[in-house]
2 protein chains.
Amino acid sequence: MATDKWSVDDVTRQLGVTPRTLHYYEEVGLIPACARTAGGHRLYDQETIDKLTHILRLKEYLGYSLQEIRGILDAEDDIERLRMSYHSSEDQRERQVILDECAQSLDGIVRAIDDKLDRLSVMRRNFQERLDRCRQLQKESGVSEQS
Amino acid sequence: MATDKWSVDDVTRQLGVTPRTLHYYEEVGLIPACARTAGGHRLYDQETIDKLTHILRLKEYLGYSLQEIRGILDAEDDIERLRMSYHSSEDQRERQVILDECAQSLDGIVRAIDDKLDRLSVMRRNFQERLDRCRQLQKESGVSEQS
DNA sequence: ATATCACTTTACGTTGACGTAAGGTACACA
DNA sequence: TGTGTACCTTACGTCAACGTAAAGTGATAT
């Protein structure tokens, strides 16, 4: 039950982003408004830091825009809420609808990643061939220099 | 020896970009200034279309900026020139230097793609697990509705 | 020949994702 | 209790990669 809190400086060091980025993500609603000290300084909890890590990966590795990321996060939050309220199940129909939406969203993401993996593999082969030809030229060039 | 030429409209339809994009890429030197009709309308040849295809893939699939892409294209052009002038070999030292640079550049790209592939795979697994859990909830929810 | 596109150049506008500066307050430490 | 950072809000600035509008010319089909 440590419920540790970290300052802006801590977070920026840990994640390699600027304070402005943290403020901006909060401003556009990507992360929730975090706790504050008596004087108004921000205090980030572990959950938010995890979320930020997730966001940065989606951005850097998958190339999603912040808008798209918000869509993904929303879908994930929906699932989490459903999972929490599993036994309260007020409206089963709505549960089903939300679950369908989430499954579709997640399935879309997985498919998109698969596509990306395929295309990346093709490009990898392509560049590897170029590199091989380049190395071949290097060898030939080296041989001709020996004479 | 057809040396066919295509209009702006042809190219934009084929590649799914706007005329402005073609103009812009020419403006910043990503593609060479193409041939024109007597009246000044652009005529693109196959080579330029191939280059554009390559550029768009680098942009979309690898997420490179136009600046980075120009660097890659330059390296590729260097290799091509070396390949063409193989037997004229004026300055062997310079050949070696250029070849080294190209090999390093290409190697860097391949490594970057490998990194990307790894990270993408990790994220794929991650989202797949989320999807599986979602599907599990769907099943459970469906079962409870049957009662 | 003429109407209708397609295309040209020039140049200002836009959007996302922050950068940066200003002016003031909070925190931590000696 | 001072003092040097760290942080706050507000707000204008920036940069890439185009979008878009204007005003005019070229291509083409009837």
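The sequence lines fix the lettering, A, B, ..., with proteins before strands; numbering per chain opens at 1. The structure displayed is predicted, hence computed values, not measured ones.
Distances shown here put a side-chain N or O of A:S7 below 4.0 Å from the OP1 or OP2 atom of D:dC7. Regarding contacts with the backbone of C:dG19, every side-chain N or O of A:Y24 stays at 4.0 angstrom or more from both OP1 and OP2. OP1 or OP2 of C:dT8 sits under 4.0 Å from a side-chain N or O of B:R42. Contact check, B:R36 against C:dT9: a side-chain N or O comes under 4.0 Å of OP1 or OP2. Contact between the side-chain N/O atoms of A:Y25 and the OP1/OP2 oxygens of C:dA17 is not found at any separation under 4.0 Å.
Of all nucleotides listed (D:dG19, C:dT9, C:dC18), D:dG19 comes nearest to the side chain of B:R20. Side-chain atoms of A:H23 lie closest to D:dC8 of the nucleotides D:dC18, C:dT9, D:dC8.
For A:Y44 and D:dC8, the OH to P distance is 7 Å, given to the nearest whole Å. Rounded to a whole Å, the CD atom of A:Q67 is 12 Å from the P atom of C:dT15. What separates CG of B:L22 from C1' of C:dT9 is a distance of 15 Å, to the nearest Å. The CD-C1' distance, from B:E26 to D:dA17, rounds to 16 Å in whole Å. Rounded to whole Å, the distance from CG on B:D10 to P on C:dA6 is 11 Å.
Using a 4.0 Å cutoff on non-hydrogen atoms, the parts of residues 48-66 of chain B near DNA chain D are B:K59, B:S65, B:L66, ordered by number.
When hydrophobic clusters are built by joining Ile, Leu, Val, Met, Phe, Trp and Tyr residues whose side-chain heavy atoms come closer than 4.5 Å, directly or via intermediates, B:I49 is grouped together with B:V28. Following chains of ILVMFWY side-chain contacts shorter than 4.5 Å, one cannot reach A:V17 starting from A:L43, and the two form parts of different hydrophobic clusters.
Looking at A:R111 and A:D107, a side-chain N of the basic residue comes within less than 4.0 Å of a carboxylate O on the acidic one, giving a salt bridge. Between B:R70 and B:D74 there is no salt bridge, since none of the side-chain N atoms of the basic residue sits less than 4.0 Å from a carboxylate O of the acidic one.
More than 12 heavy atoms of other residues, nucleotides or ligands shown are found within 6.0 angstrom of CZ on A:R124. For B:Q136, the CD atom is densely surrounded, since the number of other residues' heavy atoms within 6.0 Å is greater than 12.
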So which protein nitrogen or oxygen atoms get under 3.5 Å of nucleotides 27-30 of chain D's nitrogens or oxygens?
| from | atom 1 | to | atom 2 | distance (Å) |
| --- | --- | --- | --- | --- |
| D:dA27 | OP1 | B:T37 | OG1 | 3.1 |
| D:dA27 | OP1 | B:G39 | N | 3.4 |

Protein-nucleotides 2-5 of chain C N/O pairs closer than 3.5 Å?
none

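In summary, the side chains of B:D132 and B:Q128 do present a donor paired with an acceptor at a separation below 3.5 Å, with no hydrogens or angles considered. Looking at A:D50 and A:T53, their side chains never bring a donor and an acceptor atom within 3.5 Å of each other.
The nearest heavy atom of DNA chain C to B:V8 and to A:T18 marks one nucleotide each, and the one closer to the 5' end goes with B:V8.
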Review point. Could you walk me through whether A:R13 and A:D9 pass the salt bridge (Lys or Arg N to Asp or Glu O under 4.0 Å) check?
Key: CA-CA 6 Å; A:R13 282 169 198 278; A:D9 201 44; 3.0 Å; yes
Review point. Is there a side chain to side chain donor-acceptor pair (under 3.5 Å) between A:Q46 and A:D4 once you walk through the steps?
Key: CA-CA 7 Å; A:Q46 188 58 47; A:D4 283 332; over 6 Å; no
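Rounded to the nearest 0.5 Å, atoms CZ (B:R133) and CG (B:L137) are 9.0 Å apart. The CZ atom of B:F127 sits 5.0 Å away from atom CD of A:E76, with the distance rounded to the nearest 0.5 Å.
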